[in-house]
Amino acid sequence: MRVRLFFYFLILHFFIQACRPAGNKEEVVVRTAADPESLNPISFTTANTAQIVALLYQSLLTIDLQDQQLKPLLAEQLPTVVQAKDKSFITYRLRNEAVWDNNKPITAQDVAFTLKVIKAPLVNNETMRAALEYVHDIKLDATDPKKFTIECDSYTPNMSWEIGDFAILPAYVVDPQQLLEKFTLPELENQYDSLKSHPKIKAFAAWFNSARFTRDTAYLKGSGGYRLSDWKTGQYVKLKKKQHWWAERLSPSLAYITAYPAQINFQIVPDNTTALLALNNEQLDVYAGIPATSFVQLQSEASFQKKYALYTPSTYDFTFIGINGRHEKFADKRTRQAIGYLLDIPRMIQVSMGSFAVPTVGIVNPADKIYYNDSLRPYTLNLAEARRLLHAAGWTEKNKGWQKLINGQIIPLTITFNYKEGNSEFENIAFIFRQAAAKLNIPVNVQPVEAGLLNKRIQAQDFEVAVRYLSGNPGIFNFRPILHTENADLQEQNFTGFGTPESDRLIENISETTDQKKRVALLRKLQKVMQEESNLLFLYFNTDRIAIHKRFTNFKISAAKPGYDISSFQLKSD
């Protein structure tokens, strides 16, 4: 035991030495729990990856974290929208100053090319293609290479934001052989299946889906203020500020388009204990998502607060348990509901989050008094109701557990519960759930899995039950990519297999309606249907816990992810 303990501390010491920021005052060192799964600006899926991608690439619009207002980024102003019958036309003009790294202008052709990548067959673009399903064409202005109009089906309030919220790609880097040039956007959409066998489409997909657009510094080049300088798996992802970045020539300058730190170092520290040790040793400048008990301890330490500022912004992030509804054991929704009655949510919050979370019945934050369905109640620990539901679902209680005849075979009710390795919040949730399940004689195999591997297993639908985070955005009501049944296939985002014809209709109507009263009714109904189906068991919305070193200023703390604007950090003058 002593040898193992010594070995652990040896590893820990080695790691801490490895992540030492080497005294670079102009480098911001940010703790991240895992490697990005990919830095491909079209196919990435996680919030921590989104933070890095947003520093490399720019979209047409952005949210200014200072005031949480939607503002133009590559676009010179917010778009104009014209509605005509069942279509809408959204017109942008790009900033004159906006150029790529080769000093060539960013033009409407680049926006059209990016939409082609999002629509192209065989490209790993499932999430964005689903989110922009209503985009059908783009018309370039013949007299102005910076101006264009995007044609969409009908009109929803989300369109202006969603159409402005994807990374614009440099066509000269991403498609140097101009493989997509001959295809129009309508052709890619209308001939989607037949074009899968076209040689140029196959060649482009193979090129763009390759590792070069996952992590290669030579190809991950956007118009953002930073370039990828180095990525060592399991250690760090480093970004370096570009020289002569186009936005520095804006006059007047805009406080929400910035790239102040010379370098940004995303240190990969999976284990919370190790991250806290690094924080206390001033080897991290930013640590978001500090475990609640540790954060409370830090709040009481005056010596720590001389070095770090602590923040607790509310968030649009929620924690939930996903149940694989395709699995034979969990196909009956009454079984999933029974699992819901094994959730001791107040205790989970107390143990994992302190006071930094609010229970929820669904995907809407309880703080949103308009859309939150307050007629529902969060699941509570209720063994009698869980037992009743299991019987109703056909399970038989035996001395050693539960069993059910499924497809001619006796299947025992056991649960493999996965969570991201090193995440103490998820670990607490898993063990509290296992204790409750044990009272009904249901064996739960708690199984931590490395983050990247867990993502792959979930996308492959190779799991039973898993605890997850999901991040939202203010005012976004398009749940189609994550909840509609059309996105429930392998590698897509509806990984629990949630969905009924009724929920699909609700999701479609929610995203399309411009009538707020109608949206209120639809959203409340969707929350009710989701609780009935219980593929997703909602636990709580999170309040973030962030520490930022006081050697910096201008943090722009916000409810929107990641909760601060790292590009705006400035060193305090001595």
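This is a predicted model, so every value here is computed, not measured.
Judged by distance alone, with hydrogens and angles left aside, the side-chain atoms of S471 form no donor-acceptor pair with the main-chain N or O of D317 at under 3.5 Å. Under a 3.5 Å cut-off, the side chain of N554 and the backbone N or O of S568 do form a donor-acceptor pair. Y256 places a side-chain N or O within donor-acceptor distance of the main-chain N or O of P72, the cut-off being under 3.5 Å.
Atoms OG1 and CD1, on T127 and I482 in that order, are 10.0 Å from each other to the nearest 0.5 Å. With rounding to the nearest 0.5 angstrom, the CD atom of E37 is 4.0 Å from the OG1 atom of T46. Note: L284 CG to I548 CD1 = 12.0 Å, rounded to the nearest 0.5 Å.
Across every non-hydrogen atom of K238 and Y236, the tightest pair is CG-CD1, 3.4 Å. Annotation for Q493 and P481: closest pair CB-O, 3.3 Å, computed over non-hydrogen atoms. Nearest heavy atom pair, residue E187 against residue L195, reads O-CD1, 3.5 Å. The shortest heavy-atom contact between Y226 and P261 is OH-O, 2.7 Å. Residues Y308 and D285 approach most closely at CE2-O, 4.1 Å, considering heavy atoms. Between L483 and D504 the shortest heavy-atom distance is O-OD1, 4.4 Å.
Open room surrounds NZ on K202; 12 or fewer heavy atoms of other groups in view lie less than 6.0 Å from it. Few gaps surround NZ on K196; more than 12 heavy atoms of other groups in view lie less than 6.0 Å from it. Counting non-hydrogen atoms of neighbouring residues, nucleotides and ligands closer than 6.0 angstrom, the NZ atom of K147 reaches no more than 12 such neighbours. Heavy atoms of other residues, nucleotides or ligands lying less than 6.0 angstrom from NZ of K104 number 12 at most. Counting heavy atoms of neighbouring residues, nucleotides and ligands inside a 6.0 Å radius, atom NZ of K87 exceeds 12 of them.
Of the N and O atoms on the side chains of T543 and S314, not one donor lies less than 3.5 Å from an acceptor on the other residue. For the residue pair D110 and W100, a side-chain donor N or O sits within less than 3.5 Å of a side-chain acceptor on the partner. A donor-acceptor contact closer than 3.5 angstrom links the side chains of R93 and N96. Residues S38 and N40 have side chains that never bring a donor and an acceptor to within less than 3.5 angstrom of each other. In summary, the side chains of Y469 and E425 do present a donor paired with an acceptor at a separation below 3.5 Å, with no hydrogens or angles considered. For the residue pair H484 and N494, no side-chain donor N or O sits within less than 3.5 Å of a side-chain acceptor on the partner.
The residues K116 and E181 are annotated as not salt-bridged, no charged nitrogen and carboxylate oxygen being separated by less than 4.0 angstrom. A salt bridge between E189 and K119 is present, with a side-chain N of the basic residue lying under 4.0 Å from a carboxylate O of the acidic one. We find that E151 and K139 are not joined by a salt bridge, their nearest charged nitrogen and carboxylate oxygen being 4.0 Å or further apart. Of the charged side-chain nitrogens involved, at least one lies within less than 4.0 Å of a carboxylate oxygen, so that E248 and K241 count as a salt-bridged pair. Comment: K221 does not engage D101 in a salt bridge, judged by the lack of any side-chain N to carboxylate O separation of less than 4.0 angstrom.
The side-chain contact (heavy atoms from CB on, under 4.5 Å) with Y372 is formed by just one residue from the set L523, V364, N365; it is V364.
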Practice problem: Kindly determine whether Q58 and W246 satisfy side-chain contact (heavy atoms from CB on, under 4.5 Å), including the steps that lead there. | Solution: CA-CA 12 Å; Q58 293 177 302; W246 73 265; 3.0 Å; yes

Exercise. Please test D515 against T513 for side-chain hydrogen bond (donor to acceptor under 3.5 Å, both in side chains), starting from the C-alpha separation and ending with a verdict.
Key: CA-CA 5 Å; D515 183 327; T513 185; 5.5 Å; no

Quiz item: Hey, mind stepping through Y134 and R480 against side-chain hydrogen bond (donor to acceptor under 3.5 Å, both in side chains) and telling me if it holds?
Solution: CA-CA 12 Å; Y134 52 78; R480 205 162 184 144; over 6 Å; no

Practice problem: Mind running side-chain contact (heavy atoms from CB on, under 4.5 Å) on L490 and F495 for me, showing each step along the way? | Solution: CA-CA 8 Å; L490 285 172; F495 64 91; over 6 Å; no

Quiz prompt | Criterion side-chain hydrogen bond (donor to acceptor under 3.5 Å, both in side chains) on T315 and D544, from CA distance to verdict | solution = CA-CA 7 Å; T315 74; D544 206 351; over 6 Å; no

Practice problem: Take R95 and E76, measure what salt bridge (Lys or Arg N to Asp or Glu O under 4.0 Å) needs, and give me the verdict at the end. | Solution: CA-CA 5 Å; R95 295 183 188 276; E76 63 180 8; over 6 Å; no

Self-check item: Chi angles and distances behind the side-chain hydrogen bond (donor to acceptor under 3.5 Å, both in side chains) call for W231, D35
Solution: CA-CA 9 Å; W231 177 358; D35 280 284; 2.8 Å; yes

Self-check item: Residues I370, Q516; criterion side-chain contact (heavy atoms from CB on, under 4.5 Å); working and verdict
Solution: CA-CA 10 Å; I370 298 175; Q516 192 195 32; 4.0 Å; yes

Quiz item: Hey, mind stepping through L310 and I546 against side-chain contact (heavy atoms from CB on, under 4.5 Å) and telling me if it holds?
Solution: CA-CA 6 Å; L310 297 173; I546 304 175; over 6 Å; no

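Side-chain contact between I458 and R468 is present, with at least one heavy-atom pair separated by less than 4.5 Å. Contact check for S567 versus L55: side-chain heavy atoms found under the 4.5 Å cut-off. Residues I290 and L279 are in side-chain contact: their nearest non-hydrogen atoms beyond the backbone lie under 4.5 Å apart.
Taking the six-membered ring wherever Trp is involved, the centroid distance between the rings of F555 and Y564 does not fall below 6.0 Å. Between F318 and F538, the ring center distance clears the sub-6.0 Å criterion. Aromatic rings of Y219 and F213 (six-membered ring for Trp) have centroids within the 6.0 Å cut-off, being under it.
In this pair, F295 and F356 present their aromatic rings perpendicular. The plane angle is above 60°, beyond the 30 to 60° band.
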